[in-house]
Amino acid sequence: MRHLRIFAAVLLVIMTTASFAEVNTLFFMKYLPYKHYMNPAFQSTCETFVELPGISTISAEANLGVLSINDVLRYKDGQMVTTLHPSFNGTERDVVYNKLRNTNVIHEELGVSVFGFGFRVKKKGYLSINMSIREDATGYVPKDLFSLALYGTRDSISNYYNLKNTKASANAYIDLNGAYSHRINDKWSVGGRLHLLFGLANANASFSDLSISAEGRQWRALGHGVVNTSVPAMQVKTDSEGKITGFEFPSQFQDYIKSYKLSMGAAIDLGGVYKPIKDLSISLSIKDAGFMVWDNVNSANGEIDFKFNGIEYHYGEKDVNYGDSILKVLQESYRYDTAKKKYVTAMNAKMYFGVEYSFLKNMMSVGLLSRTDLNAGRLQEELTLAYNIHPCYWFSMSASYSFISGGFSTLGLGLNLRLPPFNFYVVTDYMPLYYSAEGIPYRSQRVNVQAGILLTFGCDNQKTKPLFEPTF
């Protein structure tokens, strides 16, 4: 029970801090309509479904890349601390550092459905409408930045840190979308989904060049970078030279509304399904291929050439102020851009390839799903194998394993309870199997979850004889 509470707490933190974060295992859950969010060519097995506002879809995902949760958080000396805490010795820091790649990607997503519904159109078509609030954030962190954070200046004479690949972006927006699927014949189905996007807020930062060199107490930062933000009602304070000195926000919510300028974008999903034989389906789709044009713009850029007296890093003591020192470098170097030109960002597109084979009169199936995240031009792959059982119309379950992020330390699990018309579900791809003595899932690199309650009507309850009937 303690492990379950710890896992639930981790998920709660993600969901309160975290694009619809689709859970791969959902692809194989028969009586849930979410398969068509991954591939719009699929049609729900139910004649009609209705998503209830705010509770039908709550989904979240966090991906630490090559690091596990225990590399970032650990229970030491009676308290929960990060790897930067002085109680971590050099050997423990080496373990974390040696796992890192030259550039490390950290990503999280959150999605909440506001409303949605779908229904069959004649015999061969299916139409669905949805509106969701979506959020995602991605950071690209070079290995040298971790070195600076973990060790400070290890060489007392000369140190060099290449931080060129440092990037970060965050988006929040409303997604209003509609999809149509058409069954051409018994073998082929095609579908598409159009997304109309309304931007709420965005921030992104990147560097065409950035490095820090340190010789004793004399430090020098060199580079060039750009920061763009789209945040309604945010006022940037500058000095006479155009350098940023601070930010102001209104105290009244209506002031945010009055200052909002509409940021809009669009995206498209396309998919197809091929059934060479009755019980085998092969599918391919691309999702969220699109862009957003941001207004409410504040921009800053700078040629960084800044000398200072070094980062305040006190190994073995409590205070570590290297982050504040880097921010001071940027603040002294960047100048506010008064042009306020609109800018464009790309959506985090995904590609899905799935194969599923059903047997025992469609009461069981096995499936394999490939998911490729096309995140800012960097490909990230996941491969999920699932075993699914639908013993009766009121209960189904899926068990899965994700090969790339699973690390032989997590297991996917999906549960679906149907009490018509109510349909309850909870599903995750990465339920931790290993915990430290303090209850931390120390091997997990990735965590996700989706849960909710929706209404379904006219499902194919009677097409197969159930293995057992409910007793209530």
Worksheet item: Does a side chain donor of either Ser370 or Glu382 reach within less than 3.5 Å of an acceptor in the other side chain?
Response: no
Item to complete: Is it possible for you to check whether Lys164 lies under 6.0 Å from the centre of the six-membered ring of Phe207, through NZ or CZ, and within 45° of that ring's axis?
Response: no
Worksheet item: Got Leu413 and Met397 here, is their nearest side-chain heavy-atom distance under 4.5 Å?
Response: yes
Discussion item. Checking Asn204 against Ser169: is there a side-chain donor and acceptor pair closer than 3.5 Å?
Written reply: no
Practice prompt. State, to 0.1 Å, how close Leu150 and Val96 come at their nearest heavy-atom pair, and which atoms those are.
Written response: CD1-CG1, 4.4 Å
Fill in: Min side-chain heavy-atom separation Tyr151-Tyr97 under 4.5 Å
yes
Worksheet item: Under 3.5 Å, is there a donor-acceptor pair linking the side chains of Asn388 and Ser365?
Response: yes
Worksheet item: Among Tyr126, Phe27, Tyr37, Tyr34, which one satisfies side-chain contact (heavy atoms from CB on, under 4.5 Å) with Phe42?
Response: Phe27
Worksheet item: Do the side-chain N and O atoms of Ser68 and Gln445 include a donor-acceptor pair separated by under 3.5 angstrom?
Response: no
Discussion item. Is the ring pair Phe117/Phe115 parallel, tilted or perpendicular, if the boundaries are 30 and 60 degrees?
Written reply: parallel
Worksheet entry | Spacing of OH belonging to Tyr31 relative to CG belonging to Asn423, to within rounding of 0.5 Å | 10.5 Å
Item to complete: For Asp209 and His224, test the side chains for any donor-to-acceptor distance below 3.5 angstrom and give the result as yes or no.
Response: no
Discussion item. Looking at every non-hydrogen atom in both residues, tell me the closest pair between Ser283 and Asn39 and how far apart they are.
Written reply: CB-ND2, 3.4 Å
Discussion item. Looking at Lys350 and Glu61, is there a salt bridge between them, counting it only when a charged N and a carboxylate O are closer than 4.0 Å?
Written reply: no
Worksheet item: Quick one: are the ring centres of His36 and Phe49 less than 6.0 Å apart?
Response: yes
Discussion item. Does either side chain, that of Thr57 or that of Glu51, offer a donor lying less than 3.5 Å from an acceptor on the other one?
Written reply: yes
Worksheet item: Heavy atoms, side chains only, cut-off 4.5 Å: are Tyr173 and Met347 in contact?
Response: yes
Worksheet item: For the residue pair Tyr387 and Phe359, does the interplanar ring angle fall in the parallel (under 30°), tilted (30 to 60°) or perpendicular (over 60°) class?
Response: tilted
Worksheet item: Donor-acceptor pair, Lys167 side chain versus Ser206 backbone, under 3.5 Å?
Response: no
Practice prompt. State which residues pass salt bridge (Lys or Arg N to Asp or Glu O under 4.0 Å) with Lys124; sequence neighbours excluded, sorted by chain then number.
Written response: none
Discussion item. Is a donor from one side chain sitting under 3.5 angstrom from an acceptor on the other, for Glu135 and Asn171?
Written reply: no
Fill in: Working for side chain to side chain contact (heavy atoms under 4.5 Å, CB included), residues Asn362 and His390
CA-CA 8 Å; Asn362 205 32; His390 318 285; 5.7 Å; no
Worksheet item: Quick one: do the Ser113 and Asn130 side chains pair a donor with an acceptor below 3.5 Å?
Response: yes
Worksheet entry | From Leu374, Asp373, Ile404, Thr372, residue fulfilling side-chain contact (heavy atoms from CB on, under 4.5 Å) relative to Gln380 | Asp373
Worksheet item: Under the 3.5 angstrom rule, does the side chain of Ser44 hit a backbone N or O of Cys46 as a donor-acceptor pair?
Response: yes
Worksheet item: Side chains of Ser230 and Asn202: donor-acceptor distance under 3.5 Å anywhere?
Response: no
Worksheet item: Applying salt bridge (charged side-chain N to carboxylate O under 4.0 Å, His left out), which residue pairs with at least one partner in residues 268-284 are found, sequence neighbours left out?
Response: Arg193-Asp269, Asp269-Lys287
Worksheet item: Between the side chains of Ser400 and Thr25, does any donor sit under 3.5 Å from an acceptor?
Response: yes
Worksheet entry | Lys NZ or Arg CZ of Arg446 over Tyr430 ring: under 6.0 Å, within 45° | no
Item to complete: Verify the distance criterion only: is there a donor paired with an acceptor across the side chains of Asn228 and Ser299 at less than 3.5 Å?
Response: yes
Discussion item. Quick one about Arg183 and Gln43 (side-chain donor to acceptor, distance below 3.5 Å, no hydrogens or angles considered), yes or no?
Written reply: no
Fill in: Distance-only donor-acceptor check, side chains Asp429 and Ser402, under 3.5 Å
no
Discussion item. Donor-acceptor check, side chain of Thr138 to backbone of His107, threshold 3.5 angstrom: yes or no?
Written reply: no
